[in-house]
Amino acid sequence: MQTRTRAEEFAGLTTAMITPFKNGKIDFARLEEQIEYQIASGTRVLSPTGTTGEAPTLTHEEQREVIKKTVEFANGRAKVLAGTGSNNTVEALELTQYAEKVGADAALLIVPYYNKPTQEGMYQHFKAVAESVGIPICVYNVPGRVGKAIEVETILRLAEIPNVALVKEASGSMDAASRIIAATDLTVLSGDDSLTLPFMSLGAKGVVSVVGNFAAPELVAMCDAMNAGRLEDARRAHYRLLPLCRKALSLATNPIPVKKAMQILGRDTGEMRLPLTELTPELTDDLRAALRQYGLIHD
């Protein structure tokens with residue numbers, strides 16, 4: 001197992017940023033506020049235009065603008081891991097090149113969805129994008145979203161490409177994470193909030209977090225504690241965060257609950273684009289109770 005990984009600068013908390021909307025349009029003023037909160041909380045990496053950022057309902061122009069504005073608002077104070085994935089390799093390549101051009105530090109690419117390529121097709125997809133840019137590439141494995149996992153053997157092949165540097169592992173498989181960490185120097189990040197500590201105990205370096213949108217400080221503290229070897233501190237943070245993580249990610253499809261949480265906390269309108277819809281009143285009460293239990297609201 002490698003102790004020093006390929007992209008250590010992305011260790012710790014990466015927040016999978018929501019895309020704030022107001023009256024159907026992207027609210028860039030609110031986006032800037034949210035980025036300031038992340039930086040003040042100690043978040044090291046911002047990841048716009050991913051699943052949590054509702055990339056599937058952004059136009060290509062909107063996606064480019066969110067990436068560009070995130071880079072501008074961060075202004076070097078946090079790294080930007082831009083979501084540039086697609087099931088269309090040409091489209092993913094062009095968006096990744098754009099992200100590099102406007103100053104993104106790395107690109108997050110989801111495994112191609114819907115058309116279900118073979119493992120060879122997945123390899124060639126990531127290889128084509130990686131070889132077209134100089135920034136690090138993060139392979140995003142999330143079979144629950146795309147319908148097909150990228151196999152460990154394919155990731156091991158991709159690890160031979162120098163700028164394929166990170167893996168966001170959201171399959172929930174401890175076995176897959178263990179094999180990647182044992183066999184490569186890739187920087188592995190948990191793709192599930194509730195599995196951050198278990199994955200980091202194996203050698204993962206952090207998390208791409210949804211809950212980080214509104215609970216960044218303790219996630220930063222937990223990741224820092226694990227990376228510093230302070231297991232008891234990290235374990236305490238994990239068990240405190242666990243009920244909140246489970247509620248925020250299980251009540252409805254991400255990012256429906258996280259946007260509602262942001263609305264409850266006065267930090268977003270909660271607006272989404274169809275086909276995503278509002279959290280029901282009953283489930284909103286459950287979410288509000290979890291936020292109250294955690295100490296984010298008092299009433």
Can you find a heavy atom in the side chain of [X] that is under 4.5 Å from one in the side chain of [Y]?
{"X": "Leu109", "Y": "Thr84", "value": "yes"}
{"X": "Arg6", "Y": "Pro136", "value": "no"}
{"X": "His125", "Y": "Met122", "value": "no"}
{"X": "Pro255", "Y": "Leu276", "value": "yes"}
{"X": "Ile155", "Y": "Ile150", "value": "yes"}

What is the distance from atom [atom1] of [X] to atom [atom2] of [Y], rounded to the nearest 0.5 Å?
{"X": "Phe28", "Y": "Thr70", "atom1": "CZ", "atom2": "OG1", "result": "8.5 Å"}
{"X": "Leu189", "Y": "Met200", "atom1": "CG", "atom2": "CE", "result": "9.0 Å"}
{"X": "Thr96", "Y": "Glu94", "atom1": "OG1", "atom2": "CD", "result": "10.0 Å"}
{"X": "Leu249", "Y": "Ser209", "atom1": "CG", "atom2": "OG", "result": "8.0 Å"}
{"X": "Thr184", "Y": "Arg179", "atom1": "OG1", "atom2": "CZ", "result": "11.5 Å"}
{"X": "Thr52", "Y": "Asn254", "atom1": "OG1", "atom2": "CG", "result": "4.0 Å"}

Any chance [atom1] of [X] has more than 12 other-residue heavy atoms, nucleotides or ligands included, within less than 6.0 Å?
{"X": "Gln293", "atom1": "CD", "result": "no"}
{"X": "Arg246", "atom1": "CZ", "result": "no"}
{"X": "Glu282", "atom1": "CD", "result": "no"}

Within 45 degrees of the axis of the six-membered ring of Phe214 and under 6.0 Å from its centre: does Arg267 put its NZ or CZ there?
-> no
Centre of Phe10's six-membered ring, under 6.0 Å away, within 45 degrees of the axis: is that where NZ or CZ of Arg44 sits?
->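 Arg44 over Phe10 ring: no.
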Judged by atom type as modelled, is there a donor-acceptor pair below 3.5 Å linking the side chain of [X] to the main-chain atoms of [Y]?
{"X": "Lys205", "Y": "Glu8", "result": "no"}
{"X": "Arg77", "Y": "Phe73", "result": "yes"}
{"X": "Asn141", "Y": "Glu169", "result": "no"}
{"X": "Thr49", "Y": "Gly83", "result": "yes"}
{"X": "Lys127", "Y": "Leu158", "result": "no"}
{"X": "Thr269", "Y": "Phe21", "result": "yes"}
{"X": "Asp105", "Y": "Leu81", "result": "no"}
{"X": "Gln119", "Y": "Ala149", "result": "yes"}
{"X": "Arg273", "Y": "Gly24", "result": "yes"}
{"X": "Arg240", "Y": "Tyr294", "result": "yes"}

Looking only at non-hydrogen atoms, find the nearest pair between [X] and [Y] and report the distance.
{"X": "Gly12", "Y": "Asn227", "result": "N-ND2, 4.0 Å"}
{"X": "Ile110", "Y": "Ser86", "result": "CG2-N, 4.3 Å"}
{"X": "Ala234", "Y": "Met222", "result": "O-CG, 3.7 Å"}
{"X": "Lys259", "Y": "Glu271", "result": "NZ-O, 2.7 Å"}
{"X": "Asp192", "Y": "Ser190", "result": "O-OG, 2.8 Å"}
{"X": "Leu58", "Y": "Glu62", "result": "CA-OE1, 3.4 Å"}

Would you call Arg157 and Glu153 a salt bridge, using N to O less than 4.0 angstrom?
->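 No, no charged N to carboxylate O under 4.0 Å.
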Are Arg30 and Glu33 within salt-bridge range, i.e. N to O under 4.0 Å?
->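 Salt bridge flag = yes for Glu33 with Arg30.
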Hphob cluster co-occupancy, [X] + [Y], side-chain heavy atoms under 4.5 angstrom:
{"X": "Tyr113", "Y": "Leu95", "value": "no"}
{"X": "Ile297", "Y": "Leu244", "value": "yes"}
{"X": "Ile135", "Y": "Leu46", "value": "no"}
{"X": "Val111", "Y": "Leu156", "value": "yes"}
{"X": "Phe126", "Y": "Val188", "value": "yes"}

Per the side-chain contact (heavy atoms from CB on, under 4.5 Å) rule, which among Val220, Val208, Asn213 passes with Thr15?
->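 In the set Val220, Val208, Asn213, the residue that makes a side-chain contact (heavy atoms from CB on, under 4.5 Å) with Thr15 is Asn213.
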When you look at Leu251 and Asp286, which way does the side-chain contact (heavy atoms from CB on, under 4.5 Å) test go after all the steps?
-> CA-CA 8 Å; Leu251 290 175; Asp286 287 348; 4.3 Å; yes
side-chain contact (heavy atoms from CB on, under 4.5 Å) between Arg145 and Thr253: does it pass, once the steps are laid out?
-> CA-CA 10 Å; Arg145 286 276 184 175; Thr253 304; 3.7 Å; yes
Flag for [Y]-[X]: side-chain donor and acceptor within less than 3.5 Å:
{"X": "Lys260", "Y": "Gln263", "result": "yes"}
{"X": "Gln38", "Y": "Gln34", "result": "no"}
{"X": "Thr19", "Y": "Glu54", "result": "no"}

Can you list the steps and then say if Lys69 with Ile35 is a side-chain contact (heavy atoms from CB on, under 4.5 Å)?
-> CA-CA 10 Å; Lys69 289 294 187 183; Ile35 289 171; over 6 Å; no
CA sep, side-chain torsions, deciding dist, call: Arg64, Glu61, salt bridge (Lys or Arg N to Asp or Glu O under 4.0 Å) | CA-CA 5 Å; Arg64 286 176 169 84; Glu61 185 55 38; 5.3 Å; no
Worked verdict on Leu296 versus Ile264 for side-chain contact (heavy atoms from CB on, under 4.5 Å) | CA-CA 10 Å; Leu296 286 172; Ile264 291 168; over 6 Å; no
